[in-house]
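As the structure is a prediction and not an experimental result, all values here were calculated from the model.
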Amino acid sequence: MTTLASGTDTLTRDALTVLQPGFAGTSAPDWLLRRLGEGLASVGLFGRNIASPEQLAALTAQLRAERDDVLVAIDEEGGDVTRLEVRTGSSFPGNHALGAVDDTDLTRQVAFELGRRLAACGVDFNWAPSADVNSNPGNPVIGVRSFGADPDLVARHTAAYVGGLQAAGVAACTKHFPGHGDTAVDSHLAMPRIAVDPAVLAERELAPFRAAIAAGSRAVMSAHILVPALDPEHPATLSRRILTDLLRGELGYDGLIVTDGMEMRAIAGTYGIEHGSVLAVAAGADAICVGGGLADDETVRRLRDALVAAVRSGDLPEERLADAAQRVRALARWTASAAASADRSSALTDIGLVAARRALRRTANAPFTPLTDAPYVAALTPVANIAVGDETPWGVAAELARLLPGTETGSFAGEDAGHAALIAAGERRIVAVVRDEHRHPWMTAALDTLLAARPDTVVVEMGVPQAPPRGALHLATHGAARVCGRAAAEVIAGA
């Protein structure tokens, strides 16, 4: 049953209610349970909080024993960005693979099964899907997290994903409004800028969000990006013109508005998280996401106190904070109702692998004979972006080793990567695995070296397939999820 600490005033409770903090560890710390008793209404989970489905279910039960209506949120996109399977790789391909198949029924089924697994573990709010149109192929942070570069395709699959996830009783959070696809900077590191005119924004960036709103997305996440055509001064997360006038007013959205992580450098390095959080709520945000990096009680206290002080000083209208808190509570009521009515009886346990197989694109200049001897897998490994992280395994080596025992692998990067891979491989057949070759000149040079010396090399592209296909066999998986690696390995080994 929900409990609130005696003596905690309404203003302080509302300030806690709009926070969505993270924490360290696989069980809830005492400070988090205490804050739930004082009015905290949401908790965000990351890979560090998850060891197994059983452990996750025990954790969410622990949280709900303290507050039965707590929103338990997670950053689970499937594909490259996974928290449920952070140490093994995802059982579901990501958005780019689903966009490559372009079957909205399949996208809905994948989202439903992902939602069913989240709900079974007690998670009822997912910071997904990404509705960004990947119009800039050099984008360093979106890439395979996007359904594609065509606004109509992204729109229809965003709507399908929202529908599938919410049919499982899990609230969708469509992101990153008003669209992070046409950026060349990662907002984890600095402030991106999209310099296009309003007509382009309306036709390209906003189309998937209109579709998500029409599909009933219960939440929308703001982007830490500057869009001068909409607001020349403030990034979207802090912009009343974007969150209130555009999203609420012009697009007619009435659900929860959540910020992207406030400790990201685009906000923290420019405004600071306390001032940034006040500005975000004043602009129209209802929930402050923090905890990907700052995951402690002191952060919660600082943000709570900043919001309370802003109300008392007149910098933040009390009615705006109260409205934000009420929207959080309304979403909690929806998740309780959705959980009670969702039909999760039909598990689609293999749907992720089905989707990964269908997404595979195969190019060969001559008939390819599957490998029968164990190859050497040379992973040409770029630095992972912060959203993906570097703790989730990727590639085809593990799946090839299952099919072709004795398979060995190595990771290579930099200007000498090709030569180093040739030496390591010896006489074995080489399978070169890349991720966004078009974004990394050293990777292109390494493939040049490998293919010049060993033209029978198999190339597997696990990022956005923009570079021309080459090699004895070229496989584009449209993502680096574990199931994408398995689908590629099956072709290589003829399984």
Side-chain angles (χ1 to χ4, degrees), residues 80 87-89 137-138 140-141 143-144 186 360 362-365 368-386 388-482 484-493:
D80 290 31
R87 292 168 185 83
T88 61
V141 68
V144 294
D186 183 347
L360 201 66
R362 172 177 174 163
T363 305
N365 294 324
F368 174 75
T369 302
L371 277 57
T372 55
D373 295 327
Y376 186 84
V377 178
L380 304 182
T381 307
V383 175
N385 73 57
I386 294 174
V388 174
D390 58 9
E391 58 187 330
T392 303
W394 70 286
V396 301
E399 294 297 332
L400 269 178
R402 183 176 58 83
L403 298 173
L404 297 172
T407 295
E408 295 183 16
T409 186
S411 179
F412 305 90
E415 60 182 20
D416 195 44
H419 293 292
L422 283 171
I423 293 169
E427 298 301 315
R428 285 164 292 184
R429 185 77 174 270
I430 297 174
V431 176
V433 186
V434 300
R435 206 168 181 173
D436 290 345
E437 183 203 339
H438 67 286
R439 292 182 48 235
H440 304 287
W442 69 264
M443 201 178 285
T444 297
L447 279 184
D448 289 343
T449 298
L450 289 175
L451 291 169
R454 302 283 293 276
D456 63 349
T457 293
V458 173
V459 179
V460 182
E461 168 63 86
M462 303 196 82
V464 178
Q466 290 286 315
R470 51 189 177 145
L473 173 68
H474 184 279
L475 297 174
T477 62
H478 299 90
R482 176 171 51 83
C484 296
R486 178 173 172 181
E490 290 174 344
V491 173
I492 295 168

- Query: Thr449 and Gly418: which non-hydrogen atoms are nearest, and at how many Å?
  - Reply: CG2-C, 3.9 Å

- Query: Backbone N or O of Ala424 within a donor-acceptor pair of the Arg428 side chain at under 3.5 Å?
  - Reply: yes

- Any donor-acceptor pair under 3.5 Å linking the side chain of Glu461 with the backbone of His478? no

- Where do Ala487 and Leu360 come nearest, in terms of heavy atoms and distance? O-CD2, 3.7 Å

- Smallest separation among heavy atoms of Pro405 and Ala374, with atom names: O-CB, 3.5 Å

- Query: Thr88 and Arg482: which non-hydrogen atoms are nearest, and at how many Å?
  - Reply: O-CD, 3.4 Å

- Message: Quick one, Leu475 and Val396 - any side-chain contact, counting heavy atoms below 4.5 Å?
- Response: no

- Of all heavy-atom pairs linking Thr407 and Pro375, the shortest is OG1-CD, 3.2 Å

- Quick one: CG on Leu403 to OG1 on Thr372, what's the gap to the nearest 0.5 Å? 12.5 Å

- Note on the structure: dist Thr457:OG1 -> Tyr376:OH (nearest 0.5 Å) comes out at 12.5 Å

- Message: Counting only heavy atoms from other residues, nucleotides and ligands, does the tally under 6.0 Å from CD of Glu415 exceed 12?
- Response: no

- Message: For Val377, is there any backbone N or O sitting under 3.5 Å from a side-chain donor or acceptor partner on Thr409?
- Response: yes

- Item | Test side chain to side chain contact (heavy atoms under 4.5 Å, CB included) applied to Met462 and Val144, Val433, Asp80, the passing residue | Val433

- Atom CG in Leu473, atom OG1 in Thr369: separation rounded to 0.5 Å? 10.5 Å

- Item | Donor-acceptor contact below 3.5 Å, side chain Arg429 vs main chain Asp373 | no

- Contact check, side chains of Ile492 and Val460, non-hydrogen atoms, under 4.5 Å: yes

- Those residues that, when tested against Glu399, pass salt bridge (charged side-chain N to carboxylate O under 4.0 Å, His left out) (two or more places apart): Arg402

- Message: Quick check on Asn365: does its CG atom have over 12 non-hydrogen neighbours (other residues, nucleotides or ligands) under 6.0 Å away?
- Response: no

- Query: Quick check: does any side chain N or O of His440 sit under 3.5 Å from a backbone N or O of Pro382, one acting as donor and the other as acceptor?
  - Reply: no

- Item | Residue pair Pro137 / Val464, side-chain heavy-atom distance below 4.5 Å | no

- Task: Apply the test side-chain contact (heavy atoms from CB on, under 4.5 Å) to residues Arg470 and Asp448: give CA-CA distance (whole Å), side-chain angles for both, the deciding distance (0.1 Å), then the verdict.
- Result: CA-CA 10 Å; Arg470 51 189 177 145; Asp448 289 343; 2.6 Å; yes

- Rounded to the nearest 0.5 Å, what's the gap from CD on Gln466 to CD on Glu437? Could you check? 11.0 Å

- Message: I need the minimum non-hydrogen distance between Cys484 and Thr477, along with the two atoms involved.
- Response: O-CG2, 3.7 Å

- Give the intermediate values and the outcome of side-chain contact (heavy atoms from CB on, under 4.5 Å) for residues Leu371 and Leu400. CA-CA 10 Å; Leu371 277 57; Leu400 269 178; 6.0 Å; no

